[in-house]
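Here the structure is laid out as structure tokens; the discussion comes afterwards.
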Amino acid sequence: MKTKGILLLVMATLIGCGESRDGSEDQLMEVVDSFSVGYFNYNLQKAQRFSTVDSEKWLQFIATNIQQEDVDILRQQELPATVEIGEVNYTGDSSAIVNISVQNFLSLDSIGKAGRMTDEASFRLNAQIQNGKWRIRMEGPLRSEKRSRD
């Protein structure tokens, strides 16, 4: 009887581990989504949980540049920013570039000017595995990708 219980426990653990393994594509998608939703809705503490340690300085920089006018604009919005994950390009065993499309988000302007709501824009996120888990690595505030006029 004890053997059956142990066997069931081991099987449940193995099944549970297969759902979202560290460093897996599923885990990458979860991190990209969680980081992006936090970042573009200005829940920067949430975004920080899904970013590399060296990205923290960029999140702090963004936080210090949010003005009261920006907060007022965000509070007026009925719907939060939404994110669609696009193409993933693996650039190595532990790194990837993920294309995302973001809708209905506040685009911060230069210092001293209120941001403006943006209907849609595309971004590229750099992801890398740290300590067995995917994390977003920022090299500066995220900038939207320029679209070709062709």
Side-chain angles (χ1 to χ4, degrees), residues 11-150:
M11 287 178 61
T13 302
L14 290 174
I15 291 170
C17 289
E19 290 178 8
S20 183
R21 297 184 326 262
D22 291 349
S24 70
E25 187 167 352
D26 288 343
Q27 199 260 339
L28 173 59
M29 296 301 118
E30 289 174 18
V31 166
V32 168
D33 184 65
S34 296
F35 171 85
S36 300
V37 168
Y39 184 91
F40 288 101
N41 285 295
Y42 293 93
N43 183 345
L44 300 178
Q45 287 181 326
K46 178 181 180 179
Q48 182 181 358
R49 292 194 304 261
F50 299 97
S51 62
T52 60
V53 173
D54 59 332
S55 298
E56 183 177 337
K57 64 184 173 197
W58 296 112
L59 295 170
Q60 289 175 348
F61 173 79
I62 293 163
T64 60
N65 286 297
I66 297 173
Q67 302 176 54
Q68 184 59 49
E69 292 90 348
D70 299 322
V71 173
D72 295 340
I73 292 170
L74 286 170
R75 285 185 178 154
Q76 292 172 5
Q77 300 310 303
E78 292 181 26
L79 299 173
T82 57
V83 177
E84 292 179 30
I85 300 172
E87 185 178 4
V88 177
N89 296 305
Y90 292 94
T91 56
D93 291 341
S94 61
S95 59
I97 297 173
V98 182
N99 295 304
I100 62 170
S101 176
V102 185
Q103 296 81 33
N104 191 45
F105 69 98
L106 178 70
S107 179
L108 293 180
D109 206 324
S110 58
I111 297 174
K113 292 185 179 181
R116 66 189 185 312
M117 291 305 295
T118 302
D119 291 336
E120 183 172 351
S122 298
F123 295 85
R124 287 183 176 203
L125 301 179
N126 292 315
Q128 60 184 210
I129 295 177
Q130 284 190 342
N131 300 322
K133 295 185 179 186
W134 285 104
R135 296 288 179 244
I136 303 304
R137 182 171 184 274
M138 296 176 65
E139 296 175 349
L142 297 181
R143 301 276 181 226
S144 63
E145 295 290 309
K146 305 280 188 225
R147 293 191 181 183
S148 173
R149 293 184 181 186
D150 295 336

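All values below were derived from every heavy atom in this structure, side-chain atoms included, with hydrogens, water molecules and symmetry-related copies excluded.
- The six-membered or imidazole ring of Phe123 lies away from that of Tyr39, with a centre-to-centre distance of 6.0 Å or more.
- The shortest heavy-atom contact between Gly38 and Ala47 is C-CB, 4.2 Å.
- When the side-chain contact (heavy atoms from CB on, under 4.5 Å) test is applied to Pro80, the partners found at least two apart in sequence or on another chain are Asn41.
- For the pair Ala127 and Ile136, the tightest heavy-atom approach, listed with the atom from each and the gap, is CB-CD1, 4.1 Å.
- Of all heavy-atom pairs spanning Leu59 and Gln48, the tightest one is CD1-CA, 3.5 Å.
- Among residues two or more places apart in sequence or in another chain, the side-chain contact (heavy atoms from CB on, under 4.5 Å) test is passed with Ala114 by Glu69, Asp70, Ile73.
- Judged as a side chain to side chain donor-acceptor pair (under 3.5 Å), and not counting sequence neighbours, the contacts of Ser55 are Thr52.
- Counting all heavy atoms, side chain and backbone alike, Ser51 lies closest to Phe35 at CB-CE1, 4.0 Å.
- Rounding to the nearest 0.5 angstrom, the gap separating the CZ atom in Arg135 from the CZ atom in Phe50 is 7.0 Å.
- For the pair Asn126/Ile97, a side-chain contact is recorded, criterion being any heavy-atom separation below 4.5 Å from C-beta on.
- Residues satisfying the ring-ring contact (aromatic ring centres under 6.0 Å, His included) criterion with Tyr42, sequence neighbours excluded, are absent altogether.
- The distance from the NZ atom of Lys113 to the CG atom of Leu108 is 13.5 Å, given to the nearest 0.5 Å.
- Here the side chain of Gln27 pairs a donor or acceptor atom with the backbone of Trp134 at under 3.5 angstrom.
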Show me the side-chain donor-acceptor pairs of residues 81-93 shorter than 3.5 Å, one per line, residues at least two apart or across chains.
from: Thr82; atom 1: OG1; to: Gln103; atom 2: OE1; distance (Å): 3.0
from: Thr91; atom 1: OG1; to: Ser95; atom 2: O; distance (Å): 3.4
from: Thr91; atom 1: OG1; to: Ser95; atom 2: OG; distance (Å): 2.7

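- Pairs of residues two or more places apart, or lying in two chains, that qualify as salt bridge (charged side-chain N to carboxylate O under 4.0 Å, His left out) and include a residue from residues 54-67 are Asp54-Arg137.
- A pairwise comparison of heavy atoms in Leu142 and Arg124 identifies CD2-O, 4.4 Å as the closest pair.
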Start with the C-alpha distance between Arg116 and Ser107, add both sets of side-chain angles, then the distance that settles side chain to side chain contact (heavy atoms under 4.5 Å, CB included), and finish with yes or no.
CA-CA 5 Å; Arg116 66 189 185 312; Ser107 179; 3.5 Å; yes
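- Taking 4.5 Å as the limit, some side-chain heavy atom of Leu106 sits within range of a side-chain heavy atom of Met117.
- Between the side chain of Ser36 and the backbone N or O of Asp33 there is no donor-acceptor pair closer than 3.5 Å.
- Gln68 and Asp72 are linked by a side-chain donor-acceptor pair at a separation below 3.5 angstrom, with hydrogens and angles left out of the test.
- How far CD of Glu25 is from CE of Met29: 5.0 Å, rounded to the nearest 0.5 Å.
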Can Val31 and Lys133 be said to form a side chain to side chain contact (heavy atoms under 4.5 Å, CB included), step by step?
CA-CA 9 Å; Val31 166; Lys133 295 185 179 186; over 6 Å; no
